[in-house]
Amino acid sequence: MKIPIEVSARHIHLSQQDLEKLFGQGYELKKFKQLTQPSDFAAEETVDIQVGSKSGGKKFDKVRVVGPLREQTQVEISLTDAIGSGTIPPVRLSGNLKNSAEVVLYGPVGQVELEEGLIIAQRHLHCATDEAKELGINNGDAVAVQVGSERPVIFQNVLVRVRDSYKLCMHLDTDEANAAGINKIGEGVIL
Ligand SMILES: [Zn+2]
């Protein structure tokens, strides 16, 4: 079975509280584009972020917000983004933010300074329950996915995340995709 691949550029998931600090009380995200996972959408809103120290770090403007809102704000960047900022965030699965890196967010109304919330995303495979059964894999498994291209790569330790609402798709960050010659979308096979 072919595994579709999508590339995640740097982006932000916001909590209700931080959304209101950045955009104002009672503010609601506006949907810009539906994403492949049925629950997720790219919002119209973007936020500027500061990574590393305020004097010597790096600033990224207009980082896309991805909805819906989450329990805790999470900022995902690539290792290439982080290099030169003075901070190398840990590689983590989404939602696992304990002792992750600090980051500052700037919105049109206010700013939010987070002691943790900045990560490099762990490569992972979204999978619906019936798809997981068909592939013979389970939630929490680590699989290897081979990508055939001009510069073929085998991605190891791809963590499987099974949920009824998910749709089969491997998520890579821009560094991983660039290394395999994937531009935005691609496909692979589980070894
Ligand atoms: Zn994902």
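The figures here come from the full heavy-atom set of this structure, side chains too, leaving out hydrogens, waters and symmetry mates. Numbering of ligands and ligand atoms starts at 1, following listing order.
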Requested in this report: Among Gln37, Gln122, Arg123, His126, find the one that has a side chain to side chain donor-acceptor pair (under 3.5 Å) with His171.
Outcome: His126
Requested in this report: Check which protein N, O or S atoms are less than 2.8 Å from the Zn ion (ligand 1) and report how many there are.
Outcome: 3
**Report entry** Atom pair CG (Asp164) and CG (Asp130), whose distance is rounded to the nearest 0.5 Å
**Finding:** 8.0 Å
Query - Spacing of Ile77 atom CD1 and Phe60 atom CZ [to the nearest 0.5 Å] - result: 5.5 Å
Query - side-chain hydrogen bond (donor to acceptor under 3.5 Å, both in side chains) involving Glu102 - partner list, sequence neighbours excluded - result: none
N/O donor-acceptor pairs under 3.5 Å from side chains in residues 38-45, not counting sequence neighbours:
| unit_1 | atom_1 | unit_2 | atom_2 | d |
| --- | --- | --- | --- | --- |
| Glu45 | OE1 | Lys30 | N | 3.2 |
| Glu45 | OE2 | Tyr27 | OH | 2.6 |
| Glu45 | OE2 | Lys30 | N | 3.3 |

Report task. Sort and list the pairs that fulfil side chain to side chain donor-acceptor pair (under 3.5 Å) and have at least one residue in residues 69-91, not counting sequence neighbours. Result -> Arg10-Asp81, His11-Glu76, His13-Arg70, His13-Glu76, Ser15-Thr73, Asp18-Thr73, Arg70-Ser94, Gln74-Glu76, Gln74-Ser94, Ser78-Asp81, Thr80-Asp175
